[in-house]
Amino acid sequence: MAKGKVRKHTAKEIQAKIDAQKNKGGGKKGISQRKPKCKLLCKICMTQSPSITTLREHYSNKHPKMPFRASDYGVVEEKVCPPAKKPAPKKEEKKTYPPNPKIKKALVELYTAKAPEKLGNIDKIMEKYDGKWAKLEEGLSKKFGKIDLNAMCK
């Protein structure tokens, strides 16, 4: 008597079934497998390259003394234009703001018209934004629409 289980199919038979299902490159399915993978051959050492860029690199590494001409391989090279220069960023002119009392008067007028409940906060606002009038102007513009402190102070 043999030890272990008796197998219905041997490993060789199972592998033969699997191989029968594999695409072996015939017919329409195998067309892609039959096509050559590399398009170009180096004319000096017959090395295969898939594209003109890899062939150009091959020339620079393996044949540095020989000039590379893409036209020898049927490729028309386009002239490479240098990248366009970015325009220099515009320098913002620093605004000059009137003295604090005029700004305070303008804020009182603004808050009486737009938000009278916040009139008590004007001293805190003046303290917080002292010297940072552009930031204050930006914040007020977000809340109340376009606001120009210089125009309000005149």
Side-chain angles (χ1 to χ4, degrees), residues 14-15 17-154:
I14 293 170
Q15 191 60 44
K17 282 184 180 180
I18 292 170
D19 289 343
Q21 297 296 320
K22 284 185 182 174
N23 180 11
K24 299 208 174 147
K28 287 184 180 179
K29 287 183 181 177
I31 241 172
S32 62
Q33 292 176 351
R34 291 191 304 270
K35 284 186 179 177
K37 303 284 187 240
C38 295
K39 299 177 187 175
L40 307 166
L41 285 175
C42 173
K43 295 193 177 185
I44 298 167
C45 63
M46 303 307 281
T47 302
Q48 296 180 349
S49 289
S51 68
I52 195 73
T53 52
T54 54
L55 189 61
R56 185 179 289 118
E57 286 179 26
H58 167 77
Y59 258 80
S60 65
N61 294 329
K62 301 295 180 185
H63 315 295
K65 294 180 182 176
M66 301 293 295
F68 175 76
R69 288 185 217 98
S71 58
D72 292 347
Y73 296 95
V75 176
V76 179
E77 283 198 86
E78 296 178 15
K79 289 184 179 178
V80 178
C81 298
K85 292 182 180 178
K86 292 181 180 177
K90 294 181 182 178
K91 293 181 180 177
E92 292 184 25
E93 294 178 22
K94 291 219 172 188
K95 265 186 164 179
T96 55
Y97 291 97
N100 288 359
K102 285 189 176 182
I103 291 178
K104 186 173 183 176
K105 185 179 175 190
L107 284 177
V108 168
E109 288 176 13
L110 176 72
Y111 276 105
T112 51
K114 304 271 183 170
E117 67 276 0
K118 295 190 179 181
L119 276 172
N121 295 345
I122 288 184
D123 289 329
K124 289 179 185 175
I125 292 170
M126 290 295 292
E127 204 173 295
K128 181 179 178 183
Y129 291 101
D130 189 27
K132 305 174 203 164
W133 303 122
K135 195 170 183 179
L136 173 67
E137 192 174 58
E138 186 181 316
L140 291 173
S141 294
K142 284 182 182 176
K143 278 187 179 180
F144 304 118
K146 181 76 175 151
I147 289 181
D148 185 12
L149 282 177
N150 283 329
M152 288 174 62
C153 293
K154 291 181 181 177

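For the pair Cys45/His63, a side-chain contact is recorded, criterion being any heavy-atom separation below 4.5 Å from C-beta on. Within the 4.5 Å cutoff, the side chain of Thr54 has no heavy atoms near those of the His58 side chain. Within the 4.5 Å cutoff, the side chain of Gln21 has no heavy atoms near those of the Lys17 side chain.
Partner of Ile125 under the side chain to side chain contact (heavy atoms under 4.5 Å, CB included) criterion, chosen from Leu107, Leu140, Ile103: Leu107.
Remark: side-chain polar atoms of Lys43 are paired, donor with acceptor, to backbone N or O of Asp72 under 3.5 angstrom.
Closest non-hydrogen pair, Ser49 versus Leu55, comes out as OG-CD1, 3.5 Å. In plain terms, the two heavy atoms of Asn100 and Trp133 that are nearest each other are OD1-CZ2, 3.1 Å. Of all heavy-atom pairs between Tyr59 and Pro67, the closest is CE2-O, 4.0 Å. Listed here is the closest heavy atom pair of Gln48 and Leu41: CG-CD2, 3.2 Å.
Rounded to the nearest 0.5 angstrom, Thr47 OG1 and Lys62 NZ are separated by 8.0 Å. Residue Lys105 holds its NZ atom at 13.0 Å from CD1 of Ile122, rounded to the nearest 0.5 Å. A distance of 13.5 Å separates OH of Tyr129 from NZ of Lys124, quoted to the nearest 0.5 Å. Here the straight-line distance linking atom CD1 of Ile147 with atom CD of Glu137 works out to 8.5 Å at 0.5 Å rounding.
Contacts of Tyr111 classified as ring pair (Phe, Tyr, Trp, His ring centres under 6.0 Å), with partners at least two apart in sequence or in another chain: Phe144. Here Asp123 pairs with Lys104 under the salt bridge (Lys or Arg N to Asp or Glu O under 4.0 Å) rule; sequence neighbours left out.
Residue-environment remark: NZ (Lys128) stays at or below the threshold of 12 foreign heavy atoms within 6.0 Å. By the 6.0 Å contact criterion, CD on Glu127 is open, its count of non-hydrogen atoms from other residues, nucleotides or ligands being 12 or less.
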Candidate pair Ile52 and Phe68, rule side-chain contact (heavy atoms from CB on, under 4.5 Å), full reasoning: CA-CA 10 Å; Ile52 195 73; Phe68 175 76; 3.7 Å; yes
